[in-house]
Structures are given as structure tokens and as C-alpha cells.
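Inspection log for the structure reproduced underneath, given as C-alpha cells.
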2 protein chains.
Amino acid sequence: MPKIVDHDKQRVLVAEAAWRIIRRDGMEQASVRNIAEEAGVSVGSMRHYFSTQSELLRYAMNLVSERVSHRVQKMSFTGSPMDNMKCLLLEFLPNTEEKLAEMEVWYAFTARANTDPTLKELANTVYDELRQAVGSVITYLIKLDLSRPDLDKELEIERLYALVDGLGIHTVLRPDQMNAKLMDDVLTLHLASLCR
Amino acid sequence: MPKIVDHDKQRVLVAEAAWRIIRRDGMEQASVRNIAEEAGVSVGSMRHYFSTQSELLRYAMNLVSERVSHRVQKMSFTGSPMDNMKCLLLEFLPNTEEKLAEMEVWYAFTARANTDPTLKELANTVYDELRQAVGSVITYLIKLDLSRPDLDKELEIERLYALVDGLGIHTVLRPDQMNAKLMDDVLTLHLASLCR
């Protein structure tokens, strides 16, 4: 009887092996051969899951984004409006070990995406989705009449989005200096500064 | 008579060739062989300039940082304090084609640095230097008594630094959405919000 292999599960296992290699050894080492070895599958069987290295990397990059989306969809907003907005923003920030690992991998993927059109398209889609989520915070502040009356909506969206990404990247670059507590404090300060 | 080669000039030429490859083809293609070809020198002669690929990449990364430092040192601060502070911050942001090219390369280097200790040490040094420069803006605002009286100095330094890096990275990732005008507007808004 042939061995029954769950293809979707295998693809996830291979993608997670790619993440480990990228984090530990760098994007330069993310060859199909190295990833197969890390995942504990034969190089020959890899073609059942991904037809090219490019397809594999795109899948592994997309899996990071899906994990984040999944967490956001599961969120329940039970606090005050300000708390809820901060919680939403913190969901995109690496304030746990698991999320820091995801962000390190995401950083490596976006760097590679600058010279890889397949990854770039995905990077751009996620950039727009995250801008949309950040934008909803500013829109919500205005709608609830919590914000200063003179708020420049579009400019504040760009400012908040740059701040969120800057905090995340600083945590990836210097986890000894930027951390969960400091990110929370900076976001609290920033949101308060937007309000009356 | 032997050909006289200016070693320092050659090292810069080779480093600039490395930048072009990193921007055009990605860090994965930045082999000594590819860089030699791009620089128009023989692979054999490369050992006169750099003993290892790692040394070459460190030199090329450091050259980006030196170019930025050089520009900052040449700055003359002749405007109002607020203008001077904004000009200093804008000097670290990719608001010209040349600086965007530098930042693209820097982004690729910092991503690689996460798994390369030689580059990581340099990345950390530059991270601290830039934090120092951003910190001087906040300190200056307080010293000139322009800032709100309740300003939390350390928190505001982290906020401004994350904002500056976020704006820079957004320009690298989406030059179609983030640009020189928008970076200037966001920084103007942010600095004004810190003041009385």
C-alpha cells in the first residue's frame, strides 16, 4: 500500500525548514538541497511539493503573512477603544519569541524581494494590507471623535505606519535595545499624542 | 616598469561594483567572482585588495556608512533650529536617487548581518551612531526650551528613531508610495508635535 502523504502538511513542514535555515544561516543558504535536508525529506521528493526554489520561497514567505493574518482574525476586542487599537498594532510587532522569529524571516524575505519579482509582488500586497490595518486605527480615532480636530489623516497614517515598521525592525536588529515593553510604551505615547 | 595601482582607489571601485550587484541581482550573487567581473578586474588580482569575501563585504558595507557620515560632516546649519534639526534627520533618509541606492544596499547588508557576525558588529556600531544623532535632535529641542515641558526624553528618542528608520525603509520597499516630499512632511509634523 502506498504511503499516504498529506501534501499541504508537507509543504508547511518544508516552509518551516526554510525559515530555520534563513534565520540560522542566512538567505544565501536557502537552496532546495539545504532545505530538503533540514526538513528531513529527500531532494528528489521536493518536486512533489514545489516545482522551483522560487515557488518554495514564495510559499514560505506567504506562510509568515498567513500566520499574522490568522492571529489578527482571532483577536477579540474587549477593551477600551484606545486599548483595542494598541492591541491591533502590537499584533504586527515582534513582542514574543515566535513573532520575532517570523519578523526576522520576513525581513530577510523583503530584502531578497528587492531583486526577486515573484517575492516582490507578495511583499507589495502585504505592505498594502498592513497600511490598510494601520489606516483603520487612524480612521477609527477620527470616527470616534477621540482625535485632535486638526488631524491630517493621510499624513498620520504614513507616520504611524512608519513608526510601527521602524519599531519592528529595531527589535529585529537590536533585540537587546528594543523590546516588548518599549514598543508598548512608544505606541501608547504615540496614540495618546493623536488624541485631544 | 611595474604598473602602479592605487590600492585604496581600487578597493572603492571593487566595493562600488559589489553595491551594483547587490542592488541589481541580490546579495546571493555577491560572490568574489561576480564582483571581480563587474569591477573589470581579474579574479586573481582580487586577493591584493581583499583576503576574503567577508572582508570585501564588510568594506563595502562600511563604505555606505562613511559616505553618509561624510555628508553629515559637510552640512552647514544656517536655518532656524527646527529647520536644522529636520535637515539633519533628512540627511539619513533616502530623498535623492544616490541616497536611495545607498539605502537599498544598506538594507541588504543589515539583512545579511543577522547571520554574519563580521557585518553584525558594523551594523550595531552604525545603529548606535544613528541613535546618537537622532538623540541629539531631542536633546537640542529640550535644551533650547522648544519642547513640551512633559517630554519623556528616552521614549521620544526611540519614537523618533523608529520613525526615521521606518520612513527610510518604506522608501526602499515602496518608492512609488513613500517619497522625499512625504518624508519631509511627516518629519515636519512630528517635530512640530514635540514642541509647545
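Within every chain, numbering begins at 1; the chains are lettered A, B, ... in the order of the sequence lines, protein sequences first and strands thereafter.
Distance check, rounded to the nearest 0.5 Å: CZ of B:Arg71 to OG1 of B:Thr96 gives 6.5 Å.
For B:Val164, no part lies under 4.5 angstrom from a heavy atom of chain A.
Of all the listed residues (B:Gln29, B:Arg24, B:Met183, B:Arg131), the one sharing the greatest number of non-hydrogen pairs under 4.5 Å with chain A is B:Arg24. Considering only heavy-atom pairs separated by less than 4.5 Å from chain B, the leading option among A:Asp25, A:Leu187, A:Asp176 is A:Asp25. When each of A:Lys120, A:Met178, A:Arg112 is checked for heavy-atom pairs under 4.5 Å with chain B, A:Arg112 comes out on top. Contact tally against chain B (heavy-atom pairs below 4.5 Å) for A:Asn124, A:Leu160, A:Asn114, A:Asp152: the top residue is A:Asn124. Chain A forms more heavy-atom pairs under 4.5 Å with one residue of B:Val172, B:Leu182, B:Leu189 than with any other, namely B:Leu189. Interface summary for chain A: among B:Arg159, B:Glu28, B:His170, B:Gln177, the most heavy-atom pairs under 4.5 angstrom belong to B:His170.
At a threshold of 4.5 Å between non-hydrogen side-chain atoms, the residues B:Leu93 and B:Lys99 do not count as touching. With contacts defined as side-chain heavy-atom distances shorter than 4.5 Å, the pair B:Thr110/A:Ile169 does not qualify.
Remark: the B:Glu66 side chain and the B:Asn62 side chain contain an N/O donor-acceptor pair separated by less than 3.5 Å.
Although no hydrogens or angles enter the test, the distance criterion places no donor-acceptor pair under 3.5 Å between the side chain of B:Ser65 and the main chain of B:Met61.
The stretch residues 16-23 of chain A places A:Ile22, A:Arg23 near chain B, each with some heavy atom under 4.5 Å from a heavy atom of that chain.
A salt bridge is absent between B:Arg58 and B:Asp116: the closest approach of a Lys/Arg side-chain nitrogen to an acidic carboxylate oxygen does not fall below 4.0 angstrom. No salt bridge links A:Glu156 with A:Arg148; every basic N to acidic carboxylate O contact stays at or beyond 4.0 Å.
When each of A:Asp184, A:Leu90, A:Leu89, A:Val186 is checked for a side chain to side chain contact (heavy atoms under 4.5 Å, CB included) with A:Leu167, only A:Val186 meets the rule. A:Tyr127 pairs with exactly one of A:Trp106, A:Phe92, A:Tyr161 by the ring pair (Phe, Tyr, Trp, His ring centres under 6.0 Å) rule, that one being A:Tyr161.
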